[in-house]
> 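A single structure is presented below for examination.
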There are 2 protein chains.
Amino acid sequence: MSRDELAPGPETTTETTDADRFTNARAIRSTALFEDYTELIADLTEEFGEARITDIARRLGVTHPTANKAVLRLKREGLAISRPYRGVFLTEAGAAMAREVKARHRLVVRLLIAVGVPPEAAEMDAEGIEHYVSETTLKAFEAYLGGRD
Amino acid sequence: MSRDELAPGPETTTETTDADRFTNARAIRSTALFEDYTELIADLTEEFGEARITDIARRLGVTHPTANKAVLRLKREGLAISRPYRGVFLTEAGAAMAREVKARHRLVVRLLIAVGVPPEAAEMDAEGIEHYVSETTLKAFEAYLGGRD
DNA sequence: TTGGAAATATAGCATTGGCTACATTTCTGT
DNA sequence: ACAGAAATGTAGCCAATGCTATATTTCCAA
Ligand SMILES: [Mn+2]
Ligand SMILES: [Mn+2]
Ligand SMILES: [Mn+2]
Ligand SMILES: [Mn+2]
């Protein structure tokens with residue numbers, strides 16, 4: 001039952017292992033929350049001029065202490081700023097993330113709908129899928145959607 | 001700056017809120033790890049006749065104590081069984097999850113490739129995406145891939 | 001057969017991301 | 001102006017998921 005050096009394959013090019021894929025997915029998982037927060041804060045700021053903890057919490061479906069703690073992490077990472085008892089705002093880095101994430105979100109929804117997924121399901125599933133779509137895949141989606149914009 | 005009762009909309013049908021989408025994504029996040037473990041244990045069992053902690057850990061790119069702890073959770077949830085210092089095996093529930101997840105994994109890869117994503121990127125991204133694809137979306141993927149099977 | 005290597009288990013630590021309960025501050029209607 | 005309501009902040013709890021270090025068990029080769 002030897003399992004060493006299994007199937008080395010004829011590849012001379014560096015090979016993508018299972019571990020690479022799972023490690024990639026784990027790395028993304030740890031940034032997905034920040035992506036949702038920055039995208040949401042950008043939305044709220046556009047709608048209301050500021051993003052308040054209560055509104056963030058309600059839109060995400062979490063309690064306000066949970067939102068508050070997440071915002072502390074966002075601030076620590078340089079993605080947001082806020083003064084006590086005041087609204088939350090994105091830094092330039094946070095705004096850049098929000099723009100990037102929003103574009104990805106929309107493209108994923110459009111792609112899903114284009115291949116026949118009902119809009120409701122597309123919106124629902126995209127909320128999770130969006131975080132795992134690489135640049136390469138995004139480009140492919142753009143090419144696929146191509147003309148019919 | 002009133003934000004109460006904003007845009008109630010003309011819907012009579014129950015509406016999907018932002019919070020619903022995020023709550024759904026959080027629920028899925030908490031099962032994604034189990035899905036990867038069951039799928040992997042099924043693969044290893046087929047390849048070697050058993051799934052050993054060391055092999056699980058190496059394939060996932062984590063340390064073996066991490067894999068061991070995850071297997072304890074799998075056992076607690078009735079998805080796997082094992083005796084001390086021996087291989088891990090899936091219960092019927094675990095095997096059912098593995099089958100379902102593997103089918104989803106393959107369909108997602110096929111769909112991505114079908115819309116023009118390079119196979120390498122498709123495999124990489126599918127590892128995360130697969131967990132967030134609903135039954136409805138899966139059905140749409142099947143319909144889209146339709147004939148050219 | 002037995003000693004070292006390999007595999008497995010366990011202990012203990014850290015962070016994340018949930019929650020409830022309670023404290024503090026700000027806002028608002030009278 | 002001020003009292004009560006609303007918003008925000010903080011403390012403390014928990015589970016999940018990662019890690020390193022160490023102990024134990026099993027396997028294998030001489
Ligand atoms: Mn999302
Ligand atoms: Mn999004
Ligand atoms: Mn996966
Ligand atoms: Mn998979």
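Numbers restart at 1 for each chain; the letters A, B, ... are given by sequence-line order, proteins then strands. None of the values given here were measured: they were computed from a predicted structure.
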> Within the 4.5 Å heavy-atom criterion, are A:D125 and A:V117 side-chain neighbours or not?
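Of all side-chain heavy-atom pairs linking A:V117 with A:D125, none is under 4.5 Å.
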> Nearest whole angstrom, please: distance from the P of D:dT26 to the OH of B:Y85.
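My rounded result for the distance is 7 Å.
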> Is any side-chain N or O of B:R29 closer than 4.0 Å to OP1 or OP2 of C:dG17?
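No, B:R29 has no side-chain N/O under 4.0 Å of OP1/OP2 on C:dG17.
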> Taking C-beta and beyond as the side chain, do A:D43 and B:D18 meet within less than 4.5 Å on heavy atoms?
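In short, these two side chains do not touch, never coming nearer than 4.5 Å.
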> Less than 4.5 Å apart, any side-chain heavy atom of B:E130 and any of B:E39?
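The answer is yes, as the side chains (C-beta and beyond) meet within the 4.5 Å cut-off.
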> Might you work through the side-chain contact (heavy atoms from CB on, under 4.5 Å) test for B:E123 and B:V109, ending with a clear yes or no?
CA-CA 6 Å; B:E123 280 292 349; B:V109 170; 3.8 Å; yes
> Of all of residues 60-76 of chain B, which get a heavy atom below 4.0 angstrom from DNA chain C, listed by number?
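B:H64, B:P65, B:N68, B:K69, in order of number.
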> What's the CD1-P distance between A:I56 and D:dA7, to the nearest Å?
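Answer to the nearest Å: 13 Å.
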> Do NZ/NE/NH1/NH2 and the carboxylate oxygens of A:R99 and A:E92 come within less than 4.0 Å?
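Yes, charged N to carboxylate O under 4.0 Å.
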> Rounding to a whole Å, what distance do you find between B:L33:CG and C:dT16:P?
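Rounded to whole Å, this separation is 18 Å.
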> Which whole-number value in Å describes the distance from A:R58 CZ to D:dT8 C1'?
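It is 14 Å, rounded to the nearest whole Å.
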> Any side-chain N or O of B:R86 below 4.0 angstrom from OP1/OP2 of D:dC27?
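Answer is yes, contact under 4.0 Å.
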> Under 3.5 Å, side chain of A:T137 to main-chain N/O of A:V133, donor-acceptor pair present?
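Between the backbone of A:V133 and the side chain of A:T137 there is no qualifying donor-acceptor contact (under 3.5 Å).
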> Output, in order, the C-alpha distance, side-chain angles, deciding distance and verdict of salt bridge (Lys or Arg N to Asp or Glu O under 4.0 Å) for A:K102 and A:E46.
CA-CA 13 Å; A:K102 184 176 299 294; A:E46 183 165 351; over 6 Å; no
> Pick the nucleotide of DNA chain C nearest each of B:R83 and A:E77; which residue has the one closer to the 5' end?
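Its nearest nucleotide lies further toward 5', so the answer is B:R83.
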> Whole angstroms only, please: what is the CZ-P distance between A:R52 and C:dT25?
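From A:R52 CZ to C:dT25 P: 17 Å.
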> Do the side-chain N or O atoms of A:T54 get closer than 4.0 angstrom to the phosphate oxygens (OP1, OP2) of D:dA6?
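So the side chain of A:T54 is outside the cut-off, no N or O lying under 4.0 Å from OP1 or OP2 of D:dA6.
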> Counting only side-chain N and O atoms of B:R26, is one of them less than 4.0 Å from OP1 or OP2 of C:dG17?
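It does not, given that no N or O in the side chain of B:R26 lies less than 4.0 Å from OP1 or OP2 of C:dG17.
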> Using atom CD1 of A:I28 as one end and atom P of D:dG18 as the other, report the distance to the nearest whole Å.
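Result: 14 Å.
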